[in-house]
Amino acid sequence: MGPLRLHNTLTKKIEEFVPRDSGKAALYVCGPTVYDSSHLGHMRAAIAFDVLRRYLEWKGFQVMHVQNLTDVDDRIIQRAQNEGVPTDVVTERYIGEYRQALQALNILQPHIEPRASRHIPEMVEMIKALIERGYAYYAEGDVYFDVTKLSAYGKLSGRVLEELKAGARVEPGEFKRHPADFALWKRAKPGEPNWESPWGRGRPGWHIECSAMSLKYLGMGFDIHGGGDDLIFPHHENEIAQSEAYTGREPFARYWIHNAMVMVRGEKMSKSLHNYFAVMDAMRRYPADVIRYTLASVHYRKPIEVDEERFVDAARAVDRLRGAVASADAVIARAKSGIGGPASQHLAGAAQRARETFEAAMDDDLNTAGALAAIFNLVAETNRATDEVAKGQSDAAQLQPGVATARATLKELAGVIGLVLGEAPVDARVAERVRDLAAALRREAGPLFTDHPGQNLDELVSYILAGRERARAKKDFSTADRIRGRLAEAGIVVEDLPTGPRWRVAAADGLRPPTGGADA
RNA sequence: GGCGGCGUAGCCAAGAGGCAAGGCAGGGGUCUGCAAAACCCCCAUUCCCCGGUUCGAAUCCGGGCGCCGCCUCCA
């Protein structure tokens, strides 16, 4: 297969990915400032780079993934002061939430998650060197980077210093020589966290942390630097300026990858616009696969509009994916051993084609939409095969090897996108509703339900279904249909197959949540 | 105003010179006690508009129109 090609913001072109060290990929991603709960926008970034990482690994690269956590920041200080607690109470809380969200969404943990507050000495060293080399200057307890000293300033974002001069604003209390100069070090204000430095007590500016930490863990000229496209200017521009001035070399990073924003009703999702979907809110309503599918269904460099309908569509699509895996499982369970045959070979061939199409799409700047199409084509092939077995037109044993291959390929390729395609994780409320339903049915329809229902969801549903089968055996279809309807209300979908009833937790339908979506 | 991007069926979305992937929704059929799922068939002569280049354009060029992001903290 061909090489991976990625869009590089630095050149605005799609380029072949050639790492600094053959076979390895050093990846640095800008993480969140932990001053508040994360929203879907943060997850889009995390997921975009999780897919990149998984794909690099799938292609055989040995990936070193570093993602920072910004825990020194004005908004954190402000929040802590509002709550009357130390800043680390605030940062610990939101770091915890963030990690929990990542884990829930099946996002691989970065190998290193450096925090700004723990890398002050590294930043101080860098700032000292920048002053010595004439790229930074001291003013009234602050230290600023002098953008006029670097002819290449603006190369990432396409900014021109002259134009920046007009637009940039200087806050009162700042002592910049040029409006586009940015703070490397800020003198301490009363009541703020601060550290000792050659310039007096203070704290680092925002941009310097990513330079210091990426250089520390990945070294100059590392492979990929990523983040949201709203970070291109000024954050990433400034990182480049500092790092290249500091080392006297370029490039700081070889490829700059930026994900586009999540939109709500035509506007960027953000805290300040109050139009965000809190991650935990979305997670309560939709399984991780559904959220990941939604975000993967659009190319990472294109803004994605999210609304309720979109998640519902995604939930149905995920159900189709899961259904194919379940049908394959049924065939595999039925055939003790596979003897194979032409149909089996045909399916195995389809799996191979899907793999190739998938890879070609992903190689093309991570075209996840195209990659999903390849997966769905294999789903259709798999369903055709399992459908024949279900209808008795084909022998399970003769299809078994191909079905097993297709199933494994489905899981593997979907796994690169981060989709699990397992049983939907059980919402606690679903289990609760099913338990209530079992109890209610026992009361209402005694003869059908005599023994004790079990405890876990599996046992409870089996118990209800067994009672329903007794009704069906007596041709009491109105009772059977009523039970099926009530299970659906509880979030369980029942399908009567020739081999008996099959059930699954609904991915979306029947799970209309009480909480609202966007709060705007 | 400067920089960047987007506009493809009812909705979502790939495709970037060779004749429109995929998902959701919809219509018809098979299967089913009924449903659901699955399967089969149908669903864009056309890709915001107008010119141009070409044997050939959704794809390239020119000009419009509409929308979005960044230029301030932001994933």
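First the proteins, then the strands, lettered A, B, ... as listed; each starts at 1.
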**Q** When you measure from the side chain of A/Arg75, which nucleotide among B/rC70, B/rC73, B/rA37 comes out closest?
**A**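 The listed nucleotide nearest to A/Arg75's side chain is B/rC73.
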
**Q** For A/Trp256 and B/rC3, what is the distance between atoms CH2 and P respectively, to the nearest whole Å?
**A** 22 Å

**Q** With both distances kept under 3.5 Å, what pairs with B/rC43, Watson-Crick or G-U wobble?
**A**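 Answer to the pairing question: none, since B/rC43 forms no Watson-Crick or G-U pair.
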
**Q** From CG of A/Leu231 over to C1' of B/rG69, roughly how many Å is that when rounded to an integer?
**A**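 Atom-to-atom, A/Leu231 to B/rG69, this comes out as 13 Å.
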
**Q** Under 4.0 Å, heavy atoms only, any strand: does A/Arg482 hit a base, just the sugar-phosphate, or nothing?
**A**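 Touches nothing.
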
**Q** Just how far, in rounded Å, is P of B/rC34 from CG of A/Asp476?
**A**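 That distance rounds to 16 Å.
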
**Q** Nearest to the side chain of A/Asn383 - B/rC39, B/rA75, B/rG2?
**A** B/rC39

**Q** For A/Val262, report the nucleic acid contact type (base, sugar-phosphate, nothing); a contact means any heavy atom under 4.0 Å.
**A** base

**Q** Quick one, A/Arg502 with A/Asp496, criterion salt bridge (Lys or Arg N to Asp or Glu O under 4.0 Å). Give me CA distance, side-chain angles, the key distance, then yes/no.
**A** CA-CA 6 Å; A/Arg502 173 167 103 181; A/Asp496 292 313; over 6 Å; no

**Q** Of A/Thr148, A/Ile240, A/Leu164, which is the lone residue that meets side-chain contact (heavy atoms from CB on, under 4.5 Å) with A/Tyr153?
**A**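 Answer to the side-chain contact (heavy atoms from CB on, under 4.5 Å) test with A/Tyr153 among A/Thr148, A/Ile240, A/Leu164: A/Leu164.
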
**Q** Reckon A/Gly227 touches a base, only the sugar-phosphate, or nothing at all at heavy-atom distances under 4.0 Å?
**A** sugar-phosphate

**Q** Against A/Ile375, only a single residue in A/Val416, A/Leu321, A/Leu419, A/Thr357 fulfils side-chain contact (heavy atoms from CB on, under 4.5 Å); can you say which?
**A** A/Leu321

**Q** Go along nucleotides 9-24 of chain B 5' to 3' and tag each nucleotide: B for a protein heavy atom under 4.0 Å from its base, S when only backbone or sugar atoms are that close, - otherwise.
**A** --SSSSS-----BSBS

**Q** How is A/Phe233 classified with respect to the nucleic acid when contacts are heavy atoms under 4.0 Å: base, sugar-phosphate, or nothing?
**A**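 A/Phe233: backbone/sugar contact only, no base atoms under 4.0 Å.
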
**Q** Calculate the interatomic distance between A/Asn68 atom CG and B/rA75 atom C1'; express it in whole Å.
**A**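 Taking atom C1' of B/rA75 as the reference, CG of A/Asn68 is at 11 Å.
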
**Q** Can you measure A/Lys391 atom NZ to B/rA37 atom P for me and round it to whole angstrom units?
**A**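 Rounded to the whole Å, the gap is 14 Å.
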
**Q** Between B/rA38, B/rC70, B/rC34, which one does the side chain of A/Arg472 approach most closely?
**A**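 Selected nucleotide: B/rC34.
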
**Q** Only pairs at least two apart or in different chains count here, so list each salt bridge (Lys or Arg N to Asp or Glu O under 4.0 Å) that has a residue in residues 326-335 of chain A.
**A**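 Matches after skipping sequence neighbours: A/Asp329-A/Arg407.
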
**Q** May I ask you to evaluate whether A/Lys12 reaches the phosphate of B/rC3, defined as a side-chain N or O under 4.0 Å from OP1 or OP2?
**A** no

**Q** Could you tell me how far apart A/Arg502 (CZ) and B/rA37 (C1') are, to the nearest whole angstrom?
**A** 6 Å

**Q** Tell me whether the side-chain N or O atoms of A/Asp74 pair up with the base of B/rC73 as donor and acceptor below 3.5 Å, since no angle test is needed here.
**A** no

**Q** Measure NZ/A/Lys155 against C1'/B/rC71 and give the value in whole Å, please.
**A**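 From A/Lys155 NZ to B/rC71 C1': 20 Å.
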
**Q** Base of B/rG33, side chain of A/Asp481 - is there a donor-acceptor contact under 3.5 Å?
**A**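 A donor-acceptor contact between them is present.
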
**Q** Go through B/rA36, B/rC71, B/rG33 for me and flag the one nearest to the A/Arg468 side chain.
**A**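 So the nucleotide nearest the side chain must be B/rG33.
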
**Q** Do A/Phe182 and A/His207 have ring centroids that are under 6.0 Å from one another?
**A** yes

**Q** Categorize A/Val494 for me: base, sugar-phosphate, or nothing, with a 4.0 angstrom heavy-atom threshold over every strand shown.
**A**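 Base contact.
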
**Q** To the nearest Å, give me how far apart CG (A/Asp329) and C1' (B/rA37) are.
**A**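 After rounding, the reported distance stands at 15 Å.
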
**Q** Taking the ring centre of each residue, are A/Phe222 and A/Phe252 less than 6.0 Å apart?
**A**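 So the answer is yes for these two rings.
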
**Q** Could you check whether the side chain of A/Arg301 and the base of B/rG5 have a donor-acceptor pair of N or O atoms closer than 3.5 Å, going by distance alone?
**A**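 Side chain to base: no pair below 3.5 Å.
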
**Q** B/rC48 and B/rC6: how far apart are their C1' atoms, nearest whole angstrom?
**A** 11 Å

**Q** Kindly say if A/Asn259 contacts the phosphate of B/rA75, meaning a side-chain N or O under 4.0 Å from OP1 or OP2.
**A**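 No, no such contact exists.
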
**Q** Base, sugar-phosphate or nothing for A/Gly226? Non-hydrogen atoms, less than 4.0 Å.
**A** nothing

**Q** Within the 4.0 Å heavy-atom criterion, would you say A/Met263 contacts the bases, only the backbone, or no part of the nucleic acid?
**A**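 Since only primed, P, OP1 and OP2 atoms lie under 4.0 Å of A/Met263, the category is sugar-phosphate.
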
